[in-house]
Each structure stands twice: as structure tokens, then as C-alpha cells.
Amino acid sequence: MYHEELKSFPEGFLWGASTSAYQVEGAWNEDGKGPSVIDMAKYPEGTSDFKVASDHYHRYKEDVALFAEMGLKAYRFSVAWTRIFPQGTGEINQKGIAFYDSLINELLEHNIEPIVTIYHFDLPYALQQKGGWLNRETIDAYVNYAKTLFTYFGNKVKYWLTINEQNMMILHGSNIGVFDKNIQNQRKELFQQNHNMFVAQAKVIKMCHEMCPNAKIGPAPNISSIYPASCKPEDVLAANNFSSIRNWLYLDIPVFGRYNSVAWSYMEEKSYTPTVQDDDMEIIASGKPDFIAFNYYRTTTVTKNEYDNYLADSRDEQPLDTAESGVYTVSSNPHLEKTQFNWEIDPVGFRVTLRELNERYNLPLLVTENGLGALDRLEDGDVINDDYRIEYLRKHIEQARLAITDGVQLIGYCPWSAIDLVSTHEGFSKHYGFIYVNRDESDLKDLRRIKKKSFYWYKKTIASNGEIF
Ligand code: BG6
């Protein structure tokens with residue numbers, strides 16, 4: 001549909017930007033912080049670890065001042081569980097509380113709405129050693145941790161996100177560093193972890209509603225439309241399979257309180273079904289989200305899977321390259337351009353995804369990630385001409401506005417990332433931010449902050465409520 005007149009972005013639209021604790025903070029073992037699975041993981045040689053990252057832990061005031069200068073209305077960040085509970089559970093580390101309290105105050109003083117992700121990949125290592133999400137004690141630890149956040153920050157934070165990209169942890173956890181290859185290959189255990197996370201999430205949503213009646217809470221999976229590679233009915237079916245397994249499984253549970261039937265029958269066929277305890281489904285049905293947050297980078301295209309017993313999970317190509325025997329094979333889309341990091345670029349797919357979510361769940365939507373990873377270059381005079389990023393974001397914002405005109409209830413847009421940070425598995429050179437951080441993979445240089453061209457562009461976009469491009 002080509003609308004002649006576009007609706008405006010709604011009043012109070014949350015123009016924001018995102019980060020996650022371990023990718024931006026650094027100070028990995030300071031002020032009582034315990035190790036997380038990310039701190040203990042191995043990453044490709046030559047890429048940065050997360051020990052210093054962007055040093056946001058020490059420079060957050062300067063960073064928040066820059067976010068305010070950019071005009072951000074919202075800032076989406078995560079709390080490092082191991083700053084609050086160094087061993088995942090036990091005694092509260094008051095220095096961790098003090099850091100996030102001060103960060104939240106700083107944001108509020110600058111009229112920036114905090115959007116807080118409770119858990120973004122960095123499970124406490126101590127819990128992982130006891131079985132991680134396979135052990136139901138982790139459910140209790142997560143609930144206790146969330147309760148602590150609600151107790152300390154519940155009167156200041158209006159938007160909470162339960163778990164970042166649970167679906168990517170399950171499909172690609174070992175690439176991200178959340179578990180090792182052994183666990184990744186034990187699919188039955190993996191889907192048990194998944195189930196336990198669903199139970200934990202529902203408990204926390206319910207608790208949030210009880211403890212913070214003025215706040216809203218939702219899940220934050222990575223959602224993208226799945227295209228069939230051709231109009232062959234078998235390819236369409238494969239796309240439908242993958243949609244259920246990759247997307248709807250993660251939203252049917254919180255919104256409808258039940259397992260997606262295609263995803264469940266896939267797990268049955270593969271012998272991956274989790275053990276569901278007596279009252280689990282009741283708990284799950286009792287924690288309904290107020291909105292759906294989701295991360296969108298690109299669509300995925302699939303064909304029918306032609307192979308027997310073929311399971312691929314390659315880290316050389318796009319992170320989502322997977323295939324499963326008789327279910328789907330991810331292929332590339334010849335109609336789309338790619339980023340320097342081989343990720344397809346699909347702004348129209350963003351509109352399609354927004355519409356699909358709207359039609360399926362009829363809830364307000366909040367985009368918590370969208371952005372372009374690129375090898376930015378610092379030019380003489382402290383200039384970064386990241387026109388490619390502006391182009392990417394502009395096209396996605398245009399599609400968001402079309403989706404709003406289509407009737408989608410979009411409440412905010414928080415691109416990845418507010419400031420440069422360490423990519424999940426491709427190091428520091430994969431820049432996403434509006435603000436450049438002067439360091440490379442191994443040389444920390446002076447870590448000074450430099451505004452990119454996209455910083456000024458986004459500032460104008462926000463000031464005009466998405467009218468000026
Ligand atoms: C999302 C994650 O998957 O994508 C972020 O929530 C991540 O943590 C972002 O950084 C971009 O992915 P990558 O692999 O380029 O860092």
C-alpha cells in the first residue's frame with residue numbers, strides 16, 4: 001500500500017537508543033561485580049573481550065550528557081545481574097545498586113526515560129556452574145534478582161524488559177558466548193532451559209504488575225519476518241515452520257499463555273520437548289505482558305530442507321544461518337544488499353514484521369534494537385562520516401512510519417546502539433553507535449567520545465518527531 005498521507009509518530013513517542021551492560025560498561029570485576037558467563041567465554045582470536053568495553057561504568061555521566069544533547073527521550077540499557085548479586089543469588093552488592101541508581105537518576109534529570117532490560121545474555125557464572133537455566137533454582141534466582149530491581153528502582157522505572165533475545169540464546173547461544181558448544185548441541189536440554197526461562201519470565205511479569213502498578217513490562221525477543229525463497233509450496237511451508245520456531249514460540253507463550261503448536265510438534269518430532277511441571281502452564285498464563293519489545297535487524301529467507309539429519313550452525317556466515325532436517329534451510333535473499341558484515345538489509349521487511357506482530361498480538365510494540373554494524377573510520381578533525389548508517393536508519397524509520405499509518409501501535413524506536421560498544425562476537429571494530437569511542441580491538445587509546453555524523457542526523461530526526469530526514 002502506498003499511502004498518500006502518512007500518520008505522524010504519536011505524541012510521547014520513545015525516540016531512544018540501546019546498549020547492554022556487558023557490551024558497554026567495562027569494569028568487569030570492579031566494585032564487587034562477580035563473573036558472568038560472558039566473562040568466562042572464549043571469543044574469536046583478535047577480537048576484543050568485554051573487560052573495558054566502552055568504559056561506560058566510569059564515564060556514564062559524560063555519556064548521558066551526550067544522549068541528552070542528541071535529544072534522546074529514552075535510553076534502553078541492561079542491568080548486569082552480577083553487579084547486584086555477584087554469585088547470582090545471596091547477598092545484595094550495594095555498590096551495584098548504587099551504580100544503577102545513579103545512572104537512572106542521571107537519566108531522569110536529563111528527561112530521558114529509562115527502559116531497563118533485566119537480563120541481557122550475562123547469566124552469573126556461579127549459576128551456570130550449577131546447571132544454568134537447566135536447574136530450576138535459576139528460576140528462583142532470577143525472580144529474586146528482578147524483585148530486588150523492582151524494590152530499588154520500581155518507583156523510577158516505567159518500562160521493564162524481561163529477557164533479551166531468548167530466541168537467539170537458544171538458536172545461537174554458543175556464538176554469543178552464553179553457553180558452550182556442548183550445551184548448544186544438546187537440543188533437548190536447550191529446550192528445557194528455554195521452558196524454564198518462560199516460567200521465570202512469567203513469574204517476573206506477574207510480580208512487576210503487583211509491585212510496580214505504574215510500570216509496564218514485556219519480553220524482548222529478536223523478531224523478523226521469514227520469507228520463502230520461492231513460491232514453491234514446500235518453501236512456503238518451510239518459512240512457516242521457521243516462523244513458528246524462531247518467532248512465535250517466544251511470543252505465543254507470554255501473550256497467549258500456551259506453546260505454539262507448530263513449534264511444539266517440531267520439538268516432539270525431534271525429541272526436544274521439555275518436561276513441563278504441573279503448574280508451569282498456569283504460571284505462564286498468569287504473566288501477560290503490557291507490550292512487546294523486539295529487536296529487528298533483517299529478515300530471513302528459507303527453503304525446504306532437502307537433507308537427512310543435517311544440522312548446520314555456522315559462525316562463519318550470518319549468525320542466523322541454520323538448517324534442520326526436514327524443517328527449513330536458511331538461504332540468502334538475492335534481492336537484498338548486505339552490510340560489511342554480511343547481514344542483509346531489509347527496511348520493507350521491518351514494516352512487514354511490524355504488521356505481522358500487530359495482527360498476531362494486537363499489543364503496543366517497542367523496537368528495542370535496529371541498526372547497522374560497520375567498520376567506521378575516524379577522519380582528520382575528529383569526523384566520522386557514517387552516511388551508510390544514516391541511510392539504514394532513515395529507511396527503517398520511513399517504514400516504521402508507514403507501519404504506523406497501516407495501524408500498527410508503535411510506541412518507541414531504540415536503535416542499536418547509543419554509543420559504540422563491543423559486538424557479541426565480532427569485536428569492537430564492528431561499530432553501531434551514534435557516538436564513536438576511540439579505541440580498537442586491543443589498543444584502548446584514550447576512549448574519548450566523538451559525535452558521528454549520524455549523531456547530528458538523529459538529533460534532527462528526534463527534534464522533528466521523525467518528520468525531517
Ligand atoms: C542483538 C543483541 O542480537 O544484536 C545485541 O541483543 C547485539 O547484544 C546486537 O550486540 C548486534 O549483534 P552483534 O553480533 O553484531 O553484536
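Ligands are counted one by one from 1 in listed order, and the atoms in each one are counted from 1 as well. Given the structure is predicted, the values throughout are model-derived calculations rather than measurements.
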Taking both backbone and side-chain atoms of [X], is any N or O found less than 3.5 Å from an N or O belonging to ligand 1?
X: Y22; answer: no
X: T424; answer: yes
X: N222; answer: no
X: Y432; answer: yes

Test item, Q23 contacting ligand 1 (heavy atom, 4.0 angstrom): yes
Please identify which atoms of ligand 1 are closer than 4.0 Å to at least one heavy atom of [X].
X: N164; answer: 6 (O)
X: E369; answer: 1 (C), 2 (C), 4 (O), 5 (C), 6 (O), 9 (C)
X: H425; answer: 14 (O)
X: S423; answer: 13 (P), 14 (O), 15 (O), 16 (O)

Give a yes or no on whether K206 atom NZ has more than 12 heavy-atom contacts from other residues, nucleotides or ligands under 6.0 Å away. no
Quick one: does N333's side chain have a donor or acceptor within less than 3.5 Å of a partner on T301's backbone? no
Part of [X] within contact of ligand 1 (heavy atoms, under 4.0 Å):
X: F341; answer: neither
X: N295; answer: side chain
X: K430; answer: side chain

Walk me through it: do K452 and H431 pass the test side chain to side chain contact (heavy atoms under 4.5 Å, CB included)? CA-CA 11 Å; K452 299 183 192 176; H431 296 258; 3.8 Å; yes
Check whether W457 forms a cation-pi arrangement with K451 (NZ or CZ under 6.0 Å from the six-membered ring centre, at most 45° off the ring normal). no
Distance under 6.0 Å and angle within 45° of ring axis: R449 vs Y436: no
For P254 and P219, work out which heavy atoms get closest and say how close. CG-CG, 4.1 Å
Is there a side chain to side chain contact (heavy atoms under 4.5 Å, CB included) between R298 and K338? Walk through the geometry before answering. CA-CA 10 Å; R298 59 198 184 82; K338 291 183 174 171; over 6 Å; no
Is the ring centre of Y328 less than 6.0 Å from the ring centre of F242? yes
Answer yes if the ring centres of F294 and Y296 are under 6.0 angstrom apart, and no otherwise. no
Relative to atom 12 (O) of ligand 1, which among Y297, Y296, W343 owns the nearest non-hydrogen atom? W343
